[in-house]
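Working notes, structure below.
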Amino acid sequence: MSELALQKEDRVLVLGGTGFIGKRLVKKLVEDNIRLRLLVRTPSRASELIPGGADAEILQGDLTDPHSLEKALEGIHSAYYLVHSMGGSSLLKNTEFAEKDKAAANNFISVADKAGLKRVIYLGGLGEKGEGLSEHLLSRAEVGSILSSGKAAATILRAAVIIGAGGASYEMLRYLVERLPVMTCPKWINTRIQPIAVNDVISYLAGCLKNPETAGQTLDIGGPEIMTYKTMMQGYAEARGLAKRIIIDLPFITPALSAYWVDLVTPIPSGIAHPLIEGMKNEVICRDNRINEFVPIKRTSFREAVEAAFAEEKSGPGVTGF
Ligand SMILES: NC(=O)c1ccc[n+]([C@@H]2O[C@H](COP(=O)([O-])OP(=O)(O)OC[C@H]3O[C@@H](n4cnc5c(N)ncnc54)[C@H](OP(=O)(O)O)[C@@H]3O)[C@@H](O)[C@H]2O)c1
C-alpha cells in the first residue's frame with residue numbers, strides 16, 4: 001500500500017479552516033470521519049465548526065510562527081493549505097501580501113519536511129504564467145511552486161472565481177449586480193472566465209485526499225460553463241430574477257479606477273478587492289480537465305451555484321462575513 005494513501009488512523013491538518021473554503025471543507029471532512037487538526041489564529045472562530053463527537057483538535061497558531069507549525073505538523077499525514085494574506089482596508093496599493101504568502105509557504109515547507117508530511121493539497125488560482133499575470137495570480141502560483149518544492153507530494157488545484165456565499169470574488173459580483181442596474185465597466189468585462197460552485201470545489205478537495213493518484217499533480221478545476229465577466233454578471237441577474245443589467249464597456253477606465261469605484265459600491269475590503277480586480281485582465285479558464293478522471297463529479301451549473309449561494313445567504317445573518 002502506498003504511503004500516500006490515507007489510512008483510517010491518520011490525521012489531516014487544515015490550514016485556513018476559518019476561511020470561506022476552509023470552513024466548508026472542515027464540515028465535509030468531519031462528515032467523512034477524517035481525523036482532523038486545525039491550526040487557526042482565533043480558536044473561538046473554529047470551535048463552532050466542529051460538532052460534538054468529531055475527532056478534531058484545534059491549535060492556536062500562525063503560519064508566520066514556525067514554532068506553532070512544529071506542533072501543528074507533529075504526526076500529520078496530509079495537510080490542506082487554504083491560506084492567503086490579502087486583506088485590510090487601506091486604499092494604498094497592498095504591496096505586502098505576496099511577500100507574506102511567500103514567507104508563510106516557506107515556513108510551512110521547512111517544518112513539513114522535518115515532520116515527515118506525506119501530502120499537501122493546495123487551492124490556488126488559474127491563469128497562465130508569463131508577462132501580464134496579476135500580482136495576486138503570480139503570488140498564488142509562487143505559493144504553489146514553493147509547496148511543490150518540499151518532500152511532501154503536492155496536489156495543486158487551480159480555480160477561477162468560486163461561487164458561494166462569503167467568497168470575496170462572488171460577493172463583489174453580487175453587490176455590483178444587486179446594486180447597479182446600469183454599469184460602466186473597463187476592458188476586463190470581456191475577459192473569459194470559468195467560475196465554479198463552492199460545493200464542487202469542496203468535492204474536488206475532499207476527493208483528492210481520498211485518491212493518492214492526485215499526489216504530485218497540478219489540476220485545473222472549473223464549472224461547466226466558460227463565460228466572460230459580462231455574461232457572468234448578466235447570468236447572476238437572470239438567476240436572481242433581476243431586470244437585465246445594462247453594461248456599458250468603457251475601455252479607457254483603468255483597473256485602478258474601477259477598484260475605487262468597487263470600494264464605493266461594495267463592502268469588500270480594498271486590500272482584497274484591489275488585487276482581485278487587477279487579476280480580472282487575465283483569462284482564467286481550465287487548460288486541462290484531468291481532474292474529472294481522478295475525482296469524477298456531476299458539475300454544478302452557474303445558475304444552480306448562484307441559487308445555492310443565495311439560499312445560504314437568506315438562511316441566516318453573518319454568512320458572507322462582509
Ligand atoms: N474565494 C475564491 O473565489 C477563490 C478562488 C480561487 C482560489 N481561491 C483560493 O482558495 C484558498 C482559500 O481562500 P478563501 O477564499 O477561503 O480565503 P479566506 O476566506 O480569506 O480565508 C483565508 C484563511 O487563511 C487564514 N490565514 C491567513 N493568514 C494566516 C496566517 N498567517 N496563519 C494562519 N492562517 C492564516 C485566515 O485565517 P483568519 O480567519 O484568522 O483570518 C483564513 O482562515 C486561497 O489559496 C485562495 O487563493 C479562492
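None of the values given here were measured: they were computed from a predicted structure. In listed order, ligands and their atoms are each counted from 1.
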Will you find, in the side chains of [X] and [Y], an N or O donor that is under 3.5 Å from an N or O acceptor?
| X | Y | answer |
| --- | --- | --- |
| Arg41 | Gln60 | no |
| Asn190 | Asp249 | yes |
| Arg119 | Thr214 | yes |
| Thr184 | Trp261 | no |

Is the shortest N/O to N/O distance between [X] and ligand 1 below 3.5 Å?
| X | answer |
| --- | --- |
| Ile162 | yes |
| Leu63 | yes |
| Leu123 | yes |
| Ser85 | no |

Any atoms of ligand 1 less than 4.0 Å from a non-hydrogen atom of [X]? List them with their elements.
| X | result |
| --- | --- |
| Val83 | 24 (O), 26 (N), 27 (C), 28 (N), 29 (C), 35 (C), 45 (O) |
| Thr18 | 37 (O), 38 (P), 39 (O), 42 (C), 43 (O) |
| Ile21 | 16 (O) |
| His84 | 13 (O), 17 (O), 18 (P), 20 (O), 24 (O), 27 (C), 28 (N) |
| Leu82 | 12 (C), 22 (C), 23 (C), 24 (O) |

Part of Arg45 with heavy atoms under 4.0 Å of ligand 1, whether side chain, backbone, both or neither
side chain
Heavy-atom contacts under 4.0 Å between Met86 and ligand 1: side chain, backbone, both, or neither?
neither
For [atom], which candidate among [options] provides the closest heavy atom?
| atom | options | result |
| --- | --- | --- |
| atom 5 (C) of ligand 1 | Ala160, Ala159, Ala72, Gly164 | Ala160 |
| atom 15 (O) of ligand 1 | Tyr81, Phe20, Phe97 | Phe20 |
| atom 41 (O) of ligand 1 | Lys23, Arg158, Met172, Arg41 | Arg41 |

Treat each ILVMFWY residue as a node, draw an edge where side-chain heavy atoms are under 4.5 Å apart, and state whether [X] and [Y] are in one component.
| X | Y | result |
| --- | --- | --- |
| Leu49 | Val12 | yes |
| Ile21 | Ile297 | yes |
| Leu82 | Leu63 | no |
| Met232 | Ile277 | yes |

Which residue and heavy atom of the protein sit nearest atom 21 (O) of ligand 1, plus the separation:
Gly19 CA, 3.3 Å
Yes or no on side chain to side chain contact (heavy atoms under 4.5 Å, CB included) for Ile196 and Tyr204, after CA distance, side-chain angles and deciding distance?
CA-CA 11 Å; Ile196 180 168; Tyr204 285 135; 3.9 Å; yes
Determine, for Arg158 against Glu128, whether the closest basic-nitrogen to carboxylate-oxygen distance falls under 4.0 angstrom.
yes
So is Gly124 touching ligand 1 or not, going by heavy atoms under 4.0 Å?
yes
